[in-house]
Every structure is written in C-alpha cells, then in structure tokens.
Amino acid sequence: MHESSLEFLRCVNCGAKLELDVFESQREIEEGFIHCKKCKLQFPIIQKVPILWNDFSKYLSSRVLLGGKLYKLTHSNKLKDFVKKSLKTKDNDRSNLEEKWARVYQNSKTSKFYSTIKKNLDSLPSSKFVLEHGCSIGIIDSHLANSSEFVFGIDRSFSAIQVAKKQFKDNLDYFVADSPSPVFGKLKFDLVLALNVLEIIEPEILLNTVSKQISKGYFVISDPYDFDRGANSVKNPVDASSLRLNLNNLGFKISNSTKKPSFIPWNLKINSRTTLNYKVDLVIAQKY
Ligand SMILES: C[S@@+](CC[C@H](N)C(=O)[O-])C[C@H]1O[C@@H](n2cnc3c(N)ncnc32)[C@H](O)[C@@H]1O
Ligand SMILES: [Zn+2]
C-alpha cells in the first residue's frame with residue numbers, strides 16, 4: 001500500500017479518518033495496521049495488501065486456508081497474533097476458489113474483451129480519481145494508471161489483489177474490500193468501473209453505491225448477464241434494458257455508442273482444455 005493512499009481511505013465501520021502503524025516498508029508499506037482511533041478497529045496490511053473488512057474474523061471464516069497462509073506470510077508478532085485471534089469460526093472455504101480465479105484472469109489477459117474496454121476508455125477524458133469495483137488482478141486499472149492521476153481497485157479476493165500489487169505504479173493502489181462498504185467515504189470519482197460483477201454483487205446495491213460515488217463523471221459497466229447461480233444467485237438480476245433504465249433513473253445518461261446492447265467476446269481460459277466464452281454487454285454512462 002502506498003502511504004499516500006491513506007488520505008483517501010475512511011473506516012468502513014464508522015467513516016472516520018484512519019491512521020497507520022507501519023511495521024515493514026520498502027518502496028511502499030509491506031506490513032502493518034491501518035487503525036481507526038474512533039471505533040478502535042484495526043485493518044491488517046499483509047504483503048502490501050490492506051484488508052479493509054469491517055469484521056476480519058468473518059472475512060477469514062470463509063477463508064481459513066488463506067488465514068493459515070497469511071499467518072505464515074506475516075513477519076511481525078503483532079500481526080501474527082491478530083491473524084491467529086481472528087481465525088475463530090469455519091464456513092465453506094473460498095480460498096482455493098479465489099486462488100484459482102486469480103490464475104484464470106492471469107491466463108486470460110489477452111482476451112479481446114480487455115483490449116476493447118481499454119480502447120473505449122482511451123476515448124474518455126483523462127480522470128483525476130478512478131475506482132474499479134471487483135478489479136481482480138487489475139488488468140484495466142494498470143492501463144488507466146498511465147493516463148489518470150489516482151487509480152484505486154477493490155476486490156474481495158486477497159489472491160487477486162496480491163497479483164495486482166505485483167505491478168508497481170506510484171498512482172495505482174489496491175485494497176481488499178467489500179464493494180458496497182464506504183472504503184473511500186464521500187470521495188467522488190471521475191470514472192468508476194464495474195466489469196462483470198453483477199452476478200456476484202447485488203445489482204441494485206452496486207448501482208446505488210456507484211451512483212453516490214459519481215457527481216460528475218463516467219460509469220463504465222459490462223456484464224454477460226449470466227445470473228443462474230443456484231443458491232448463490234443475486235436476488236434481482238438485470239438485463240440489457242433494465243440496466244440502462246436503472247442507470248437513467250439514477251441520473252446517468254447512456255452514451256450514444258452504448259445505447260444498444262453489445263456482444264463483446266470475453267474468453268476465460270479455465271485450464272488448458274477449457275475456455276469459457278461469454279458475450280458481454282458494455283454500457284458507458286455519464287453524469288454531467
Ligand atoms: C467475474 S469477476 C470479474 C473480474 C474483472 N472485473 C474482469 O472483468 O476481469 C468478479 C470479481 O468481483 C470480485 N467480487 C465479488 N464480490 C465482491 C464484493 N462484494 N466486493 C468486492 N469484490 C467482489 C470477485 O472477487 C472477482 O474478482
Ligand atoms: Zn472506525
């Protein structure tokens with residue numbers, strides 16, 4: 001984590017400004033705590049990755065294997081104790097799944113989807129503040145950092161953010177965080193992205209969250225509308241027309257070039273014998 005990112009972060013529990021305890025730092029903070037003086041919560045930074053979850057025990061309860069790895073990866077005793085104390089309960093473990101998907105995204109960087117999105121983004125004015133929800137390994141953020149002042153990516157997967165953090169840029173930082181949580185308080189962004197996350201983050205909640213983060217700026221959103229996920233499905237899926245309608249209702253105008261639904265190929269290399277071939281819709285919306 002860059003020390004300079006601290007001024008933009010807020011406590012996801014109480015909204016207060018945060019403070020840093022740095023245990024290990026080189027070009028950026030490798031290990032330490034971000035803490036909230038007001039509500040006394042502590043957020044660990046492990047292997048450069050800040051985990052801004054309001055209940056770290058709950059985060060680890062569905063990632064016990066990751067918890068074991070984090071314990072081994074940390075050097076300071078204070079952090080080791082913190083991880084150990086947080087490993088209390090055990091739910092279905094997502095650690096291996098999140099590791100697997102981080103690998104899939106690394107192997108799928110050359111999908112036409114990413115070059116199409118980059119081309120569309122290059123046609124927008126350059127931004128001061130950019131935020132990507134569900135950024136995974138940061139393919140798009142790393143590109144945007146070449147033309148924007150500050151770029152932030154958030155994702156709930158530690159494995160994905162660990163990969164994203166391998167690319168160092170002064171104006172680019174990543175956080176493990178839950179998209180609807182107020183990680184940046186009331187900060188307004190010139191550009192917010194949410195690519196292919198509507199199946200996992202309840203669309204209404206995501207759209208409302210993003211709408212509050214933009215007073216004047218762009219919202220770039222894409223999705224394959226692959227909502228059939230059994231028990232894990234979101235409650236209120238959207239389709240190409242209801243997504244555009246919801247954005248209009250939130251005060252966004254849809255750009256002429258994305259008024260009609262598109263079918264951009266998004267190919268994910270699951271393994272050497274399996275590829276997942278989506279056709280993704282893209283919407284570029286703007287508040288003036
Ligand atoms: C289908 S992937 C898309 C990744 C990337 N946006 C892309 O298009 O290549 C969805 C991503 O959203 C992340 N995610 C899911 N729920 C989230 C939440 N509540 N908060 C933050 N990230 C979340 C997942 O960890 C995953 O990396
Ligand atoms: Zn707080």
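Only this structure's heavy atoms are used, side chains among them; waters, hydrogens and symmetry mates stay out. We count ligands from 1, going down the list as the structure has it; atoms in each ligand are counted the same way.
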Notebook entry, point to check: Does P180 reach ligand 1 with a nitrogen or oxygen that is under 3.5 Å from one of the ligand's nitrogen or oxygen atoms?
Noted result: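 No, no N or O pair falls under 3.5 Å.
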
Give the residue and atom name of whichever protein heavy atom lies nearest to [atom], and the separation in Å to one decimal.
atom                    : value
atom 20 (N) of ligand 1 : S179 N, 2.9 Å
atom 15 (C) of ligand 1 : R156 NE, 3.4 Å
atom 18 (C) of ligand 1 : D178 OD1, 3.5 Å
atom 8 (O) of ligand 1  : N196 ND2, 2.9 Å

Just to be sure I'm reading this right: ignoring hydrogens, which of [options] gets closest to [atom]? Compare them by their nearest heavy atoms.
atom                    : options                : result
atom 21 (C) of ligand 1 : A177, G134, G138       : A177
atom 13 (C) of ligand 1 : D155, I200, V176, V197 : D155
atom 9 (O) of ligand 1  : Y278, F158, Y114       : Y114
atom 2 (S) of ligand 1  : W53, F113, W266, Y105  : Y105

Next item on the list: Using the ring pair (Phe, Tyr, Trp, His ring centres under 6.0 Å) rule, pick out the option among F175, F150, F168 that qualifies with H2.
Entry: F168

Is [Y] paired with [X] through a side-chain N to carboxylate O contact shorter than 4.0 Å?
X    : Y    : result
K165 : D173 : yes
R244 : D281 : yes
R94  : E99  : no

Next item on the list: Please say which of K186, H133, K188 ends up in a side chain to side chain donor-acceptor pair (under 3.5 Å) with Q213.
Entry: H133

Notebook entry, point to check: Taking the six-membered ring for Trp, are the ring centroids of Y59 and F158 within less than 6.0 Å of each other?
Noted result: no

Next item on the list: Please calculate the SG(C36)-the Zn ion (ligand 2)-SG(C11) angle and round it to 10 degrees.
Entry: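 That angle works out to 110° after rounding to 10°.
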
Margin query: Would you say NZ of K118 has more than 12 non-hydrogen atoms from neighbouring residues, nucleotides or ligands within 6.0 angstrom?
Written below: yes

